[in-house]
Undergrad: 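I have a structure I would like to understand better, so I am pasting it below and will then ask my questions one at a time.
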Amino acid sequence: MAEIDNKDLIEYLLRLGDSTLVLGQRLSEWCGHAPAIEEDIALTNTALDLIGQARQLLSYAGELEGSGRDEDALAFLRDELEFHNLTLTELDGGDFGRTVLRVLLFAAYQVVLWQALQRSTDARLAAIAEKSLKESRYHLRYGADWVVRLGDGTEESHRRMQAALEYLWSFTAELFDRDEVEARLAGVVPASDSLRSAWEGIVLPVLAEATLQVPTAAAYLSRGKYGIHSEALGPLLAEMQFLQRAYPGGNW
């Protein structure tokens with residue numbers, strides 16, 4: 001196997017780390033605002049799990065980079081265009097239904113991704129995947145339970161879940177968009193397009209049980225992992241990074 005360029009692995013780690021960090025920050029917005037205290041705790045714990053995954057991934061990226069940037073610097077001192085998260089993770093949370101639907105869509109993606117990365121030839125990345133898989137399986141069960149309850153619930157909850165699905169679905173194509181970075185990392189990371197079938201095998205039965213109609217695939221492809229973001233990311237980063245930029249030197 002050809003020698004791996006650290007730049008490619010760093011790029012890949014930033015994509016994973018930024019996605020978990022940004023969604024963790026987005027879910028933390030529900031702290032104190034969820035419809036019941038159990039959901040408040042569940043969403044906060046999910047956010048903490050994702051931020052914990054981000055710490056491992058960004059720390060590893062910083063070590064490979066070797067320029068002195070640690071997890072704090074990568075999380076709090078990069079600008080919007082330097083983030084490589086999937087667009088799905090940065091979108092406004094919307095209502096509780098949209099939130100749990102996004103948890104389902106992203107957790108299913110993480111489950112199939114971590115399963116594949118457990119077989120990575122990079123031992124550090126494989127270890128992160130093994131630890132994170134247990135957390136993502138819990139997130140998946142939580143999201144799926146609520147999607148079914150709300151989708152197959154009242155006329156109003158069904159209507160709102162269908163609207164949420166139609167909004168979020170167009171951003172899922174990016175999850176399976178393979179590029180040259182992944183091609184050069186063959187053997188270390190899975191090709192994103194190889195994960196789609198397993199992801200659909202998890203998500204589609206849940207949506208069917210929730211009586212939701214899967215939207216027709218569109219040609220639109222979001223480009224968040226290339227640093228091209230929606231207008232939602234800037235305000236999220238401004239809030240997340242305020243303390244570190246105002247009082248430099250703090251750590252997690």
Side-chain angles (χ1 to χ4, degrees), residues 4-29 47-93 102 106 109-110 113 117 120 122 124-125 128-129 132 168 170-185 188-189 191-192 220-252:
I4 298 301
D5 188 333
N6 273 354
K7 290 183 180 179
D8 288 328
L9 187 53
I10 293 169
E11 168 74 18
Y12 189 80
L13 290 167
L14 290 177
R15 292 176 182 179
L16 300 188
D18 289 349
S19 292
T20 55
L21 174 65
V22 168
L23 184 55
Q25 176 70 16
R26 192 57 91 190
L27 289 178
S28 72
E29 295 171 346
L48 289 173
D49 287 343
L50 292 172
I51 291 171
Q53 294 172 13
R55 292 189 63 182
Q56 297 177 74
L57 294 160
L58 295 182
S59 292
Y60 189 21
E63 291 172 26
L64 290 176
E65 188 181 62
S67 63
R69 292 201 299 181
D70 59 9
E71 63 194 51
D72 294 311
L74 289 171
F76 298 122
L77 299 178
R78 282 182 295 152
D79 295 327
E80 179 180 341
L81 296 179
E82 296 176 277
F83 270 73
H84 299 265
N85 58 283
L86 296 163
T87 305
L88 177 70
T89 63
E90 72 192 38
L91 302 171
D92 289 337
R102 176 163 55 180
F106 188 70
Y109 165 74
Q110 282 200 304
L113 176 63
L117 284 175
S120 172
D122 185 289
R124 178 84 168 268
L125 186 53
I128 294 173
S132 302
L168 294 176
S170 61
F171 296 97
T172 61
E174 186 183 359
L175 277 60
F176 311 108
D177 176 40
R178 181 186 184 190
D179 69 354
E180 293 182 355
V181 171
E182 292 181 7
R184 290 193 294 268
L185 290 173
V188 180
V189 307
S192 288
Y220 173 71
L221 180 63
S222 52
R223 312 289 282 178
K225 65 182 182 182
Y226 300 114
I228 303 171
H229 297 287
S230 72
E231 61 184 14
L233 183 61
L236 181 145
L237 293 182
E239 181 173 352
M240 186 183 79
Q241 297 179 335
F242 167 77
L243 195 62
Q244 183 64 231
R245 291 185 182 275
Y247 304 97
N251 53 50
W252 295 11

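Owing to the predicted nature of the structure, the values given are computational and were not obtained by experimental measurement.
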Undergrad: To the nearest 0.5 Å, what is the distance between CZ on Phe171 and CG on Leu91?
TA: 4.5 Å
Undergrad: Thr89 pairs by side chain to side chain contact (heavy atoms under 4.5 Å, CB included) with which of Thr20, Leu23, Leu236?
TA: Leu23
Undergrad: Are Tyr60 and Gln56 packed together at the side-chain level, in the sense that at least one heavy-atom pair is separated by less than 4.5 angstrom?
TA: no
Undergrad: Please round to the nearest 0.5 Å and tell me the distance separating atom CD of Glu80 and atom CD of Glu231.
TA: 10.0 Å
Undergrad: Specify the closest pair of heavy atoms between Leu74 and Gly62, including all atoms of both residues, with the distance to one decimal.
TA: CD1-N, 3.8 Å
Undergrad: Side chains of Ser132 and Gln110: is there a donor and an acceptor less than 3.5 Å apart?
TA: no
Undergrad: Heavy atoms only: give me the nearest Asp79-Phe83 pair and the separation to one decimal.
TA: O-CD1, 3.4 Å
Undergrad: Sorted by first residue and then second, give each salt bridge (charged side-chain N to carboxylate O under 4.0 Å, His left out) pair with at least one member in residues 15-24; sequence neighbours left out.
TA: Glu11-Arg15, Arg15-Asp179, Asp18-Arg78
Undergrad: Taking all non-hydrogen atoms of both residues into account, name the closest pair between Ser59 and Arg55 and its distance.
TA: OG-O, 2.7 Å
Undergrad: What are the two closest non-hydrogen atoms of Leu117 and Val189, and how far apart are they?
TA: CD2-CA, 3.9 Å
Undergrad: Using every non-hydrogen atom in the two residues, find where Ala73 and Asp70 come nearest and quote the distance to one decimal.
TA: N-OD1, 2.9 Å
Undergrad: Quick one: list whatever passes side chain to side chain contact (heavy atoms under 4.5 Å, CB included) with Leu243, sequence neighbours left out.
TA: Tyr247
Undergrad: How close do Ala47 and Gly24 get, counting heavy atoms only, and between which atoms?
TA: CB-O, 3.3 Å
Undergrad: Which value, rounded to the nearest 0.5 Å, describes the distance between Leu16 atom CG and Leu125 atom CG?
TA: 7.0 Å
Undergrad: Could you check if a side-chain atom of Asp177 sits within less than 4.5 angstrom of a side-chain atom of Tyr226, using non-hydrogen atoms only?
TA: yes
Undergrad: Let me confirm one number: the OH-CG distance from Tyr12 to Leu57, rounded to the nearest 0.5 Å.
TA: 9.5 Å
Undergrad: Can you list everything that forms a salt bridge (charged side-chain N to carboxylate O under 4.0 Å, His left out) with Glu65? Sequence neighbours excluded, please.
TA: Arg69
Undergrad: Quick check on Glu82: does its CD atom have over 12 non-hydrogen neighbours (other residues, nucleotides or ligands) under 6.0 Å away?
TA: yes
